[in-house]
Structure formats: structure tokens, C-alpha cells
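So the structure is just underneath, and the comments pick up after that.
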Amino acid sequence: MSEPVRVLVTGAAGQIAYSLLFSIAKGDVFGKDQPIILLLLDITPMLPVLDGVVMELQDCALPLLREIIPTDKEEVAFKDLDAAILVGSMPRKEGMERKDLLKANVAIFKSQGSALEKYAKKTVKVLVVGNPANTNCLIAAKSAPSIPKENFSCLTRLDHNRARSQVAMRCGVPATQVKNVIIWGNHSSTQYPDVHHCLVNMCGSELACFDAVKDDAWLKGDFIATVQQRGAAVIKARKLSSAMSAAKAICDHMRDIWSGTSEGEFISMGVYSTGNSYEVPDDLIYSFPVQIKDKTWKIVEGLAINDFSRSKMNATAAELIEERDTAVAFLGV
């Protein structure tokens, strides 16, 4: 048995974490023979609820789960981390201006970035889930200057999985038969779900998505809108935000960082944009198609971008620039 990995989940008493922790603890993410120490951070008023979550994890009697450390203290939660999954953030309340939401989250992710800098291993892999995820991720990365920017990513795998599933349902195949969809940009309603490089396995042969679906109007219209608005649709139906699907996407994202992506396949994640070849402005956390090997991601190069795609990629970049500039202004305060 290898040494245990130390894995932090923040917002650990919340509903995404409740769907996530069991999968991590039973080995779905870091490996079937990889022991785990779980560090669970939440705000002080949530500690009684967190104690209930700890009891349930204990009651699962999981062979890989070596220790559970619930806490409200960053110096405890961030110590010697191998992986940090930052789920907790300030949710948008009714009537709240977007800039007020950004300001509240800058404070949280500046603090958590500083805690990563001070207490975590320099090799820590950080996944930001709490919204606005791209900008929160950028703030955390800027607040931990000695940890490589490449170690930070934000979750767009949920959008990626949504896009994959929409295409699969349309073609009448399992989602595993659809690969290489791309989410470009922000994890918001400006994101661009792109299927120009997507392949669908129909009856044993791989077809380009447009040839498999045979409905260009849907792929360039309702498909994009459905993926962009899916989070809002779930909230409208459930009166709660996506939790089960978010947890599954977190597992997919972290498992791919740890174990790598399959040959010939790429996935979407929000990563540091500086030096990219797609004319996306520098110094953003922007969702790109990536391949992962040896715990290191690389943006997939050389994909043709048509005018339709370019305009959508530019629109989501513009939103991210505005978010970043607003957030960075708060960072200096």
C-alpha cells in the first residue's frame, strides 16, 4: 500500500460534498489501492452538520479511508495537501449584484490561496468548483505565487459532460460513444460548447458529430443554449443547484489529473491561458480542450477554429476579462 494522499474538500457540509465524499473515499478518484486522509473544511456554524457527515463516512467502513479531519481552521485544513477541491464559495443571494458576489468570493479565495501558499505541498493539485469558478481559481492562484499556475484548474467538466450527453441522446448512443466535445471559456452562460471536433461512434465507426447528428441548426442553436442554461434549468426544477452531476464531474476531472486521459481523447477544464495558441488573452483561467499525462495537462494544439466558433470564444473571453479586472481591483483592497 502506498502512503495516504491528503485530500481537502471545502464546503464539506454542503450538498455537492455530500454527493462527492463517498466516491473519493472509496477509491473512484485517486485509485483503488490508494489510501486517503480526508480533510473537511467548512464555516464554524456548519460544524455540527459536518460531524454528521463524518459519522456517515465512518459508518461506510471504507478500507481506503485512513483518517477524517473535520475543521473550520485553514491552518489545519491546508496542511501538507496533495489535492484541494475548493467547493465552498459565497452563493449568489436574491438581489445581489454580480460585483458584490465577486467581492465576497475574492476575500474567500484570497484567503484560501494564501493558506495553500503557506501550508500545502508545492505539488498540490487545486480544483476550484465554487462559482464564479474561473475567476475564483485565478484569485487563488495569484494568492499562492510559489505554487505553479499549472497546478490550478477550475471545473468545466460538468458542462463537458452535459454536452456529451446531449449529443449522445440525440444520436441514440451511450455517452461513452461520444468524445472530444469542447467547452471554451467561462463556466457561465457565455461558455461555448463546441462539437466541431467531436466524434460519435455509430455502429462501430467514428463519425464527425455534424454527420452523426444531421441537424446543423440544432447543433448551432438549441444544443448550445441547452448546455449553457442547464444549471439554471436544474435549479428551476429541483429548487437546488446541481449536486450529483457536479460531484460526478469533480471525480472525472480529478481522476483524469491523477491517472491521465485516454489516447486520442481530450477533455475540458479551466486552465491558465498564458501562452495558448488560440488567441485567447493571457492571464485568465479559461476552459480549453486538454490532454493529461503524468499529472500534467497540455492544451490540445492545432484545432481549426471557424468564424462561428471564434466569435463565441471571444464573447466568453470578454466576460472573463471583465470579471478578472473587477476581482483584481478588489484584491488590492
In this structure, would [X] and [Y] fall into the same cluster of hydrophobic residues linked by side-chain contacts under 4.5 Å?
| X | Y | value |
| --- | --- | --- |
| Leu39 | Phe22 | no |
| Ile285 | Ile292 | no |
| Val29 | Leu62 | yes |
| Val173 | Trp218 | yes |
| Val271 | Val128 | no |

How about [atom1] on [X], more than 12 heavy atoms from neighbouring residues, nucleotides or ligands closer than 6.0 Å, or not?
| X | atom1 | answer |
| --- | --- | --- |
| Lys79 | NZ | no |
| Glu322 | CD | no |
| Glu75 | CD | yes |
| Lys122 | NZ | yes |
| Lys32 | NZ | yes |
| Met169 | CE | yes |

Are [X] and [Y] packed together at the side-chain level, in the sense that at least one heavy-atom pair is separated by less than 4.5 angstrom?
| X | Y | result |
| --- | --- | --- |
| Met202 | Gln177 | no |
| Ser2 | Gln34 | yes |
| Glu323 | Pro132 | yes |
| Ser111 | Glu74 | yes |

Tell me the closest heavy-atom pair linking [X] and [Y], and the distance in Å.
| X | Y | result |
| --- | --- | --- |
| Lys312 | Ile224 | CE-CD1, 4.0 Å |
| Phe152 | Ala144 | CZ-CB, 3.9 Å |
| Val181 | Ala163 | CG2-CB, 4.2 Å |
| Asp82 | Val5 | OD2-CA, 3.4 Å |
| Cys251 | Ser23 | SG-CB, 3.6 Å |
| Lys110 | Ile139 | N-CG2, 3.7 Å |

Exercise for the section: Sort out for me which residue in Asp194, Asn314, Thr190 forms a side-chain hydrogen bond (donor to acceptor under 3.5 Å, both in side chains) with Trp184. Expected result: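 So, applying the side-chain hydrogen bond (donor to acceptor under 3.5 Å, both in side chains) to Trp184 and each of Asp194, Asn314, Thr190, only Asp194 qualifies.
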
Handout entry: side-chain hydrogen bond (donor to acceptor under 3.5 Å, both in side chains), paired with Asp159, selected from His187, Gln228, Arg230
Key =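 Among His187, Gln228, Arg230, the one meeting side-chain hydrogen bond (donor to acceptor under 3.5 Å, both in side chains) with Asp159 is His187.
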
Between side-chain atoms of residues 298-307 and protein atoms elsewhere (two or more places apart, or another chain), which donor-acceptor pairs fall under 3.5 Å?
| from | atom 1 | to | atom 2 | distance (Å) |
| --- | --- | --- | --- | --- |
| Glu301 | OE1 | Ser277 | OG | 2.2 |
| Asn306 | OD1 | Phe308 | N | 3.3 |
| Asn306 | OD1 | Ser309 | N | 2.8 |
| Asn306 | OD1 | Ser309 | OG | 3.1 |
| Asn306 | ND2 | His196 | NE2 | 3.2 |

Pairwise distance [atom1]([X]) to [atom2]([Y]) - rounded to 0.5 angstrom:
| X | Y | atom1 | atom2 | result |
| --- | --- | --- | --- | --- |
| Gln191 | His160 | CD | NE2 | 12.0 Å |
| Ser268 | Tyr192 | OG | OH | 12.0 Å |
| Ser153 | Met254 | OG | CE | 6.5 Å |
| Leu116 | Leu8 | CG | CG | 8.0 Å |
| Asp211 | Cys171 | CG | SG | 10.5 Å |
| Lys149 | Ser273 | NZ | OG | 11.5 Å |

Handout entry: Ring center gap for Phe288 and Trp297 short of 6.0 angstrom
Key =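 No, the ring of Phe288 stays outside the 6.0 Å limit from the ring of Trp297, centre to centre.
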
Exercise for the section: Could you please spell out the steps behind the side-chain hydrogen bond (donor to acceptor under 3.5 Å, both in side chains) verdict for Tyr272 and Asp283? Expected result: CA-CA 7 Å; Tyr272 198 55; Asp283 199 34; 2.8 Å; yes

Could you pull out every donor-acceptor pair under 3.5 Å between side chains of residues 51-58 and any protein atom, sequence neighbours left out?
| from | atom 1 | to | atom 2 | distance (Å) |
| --- | --- | --- | --- | --- |
| Glu56 | OE1 | Tyr18 | OH | 3.3 |
| Glu56 | OE2 | Tyr18 | OH | 2.7 |

Practice task
Kindly say whether Val178 contributes a backbone atom to a donor-acceptor pair with the side chain of Arg164 at under 3.5 angstrom?
Solution key: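 Side chain of Arg164 to backbone of Val178: a pair is present.
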
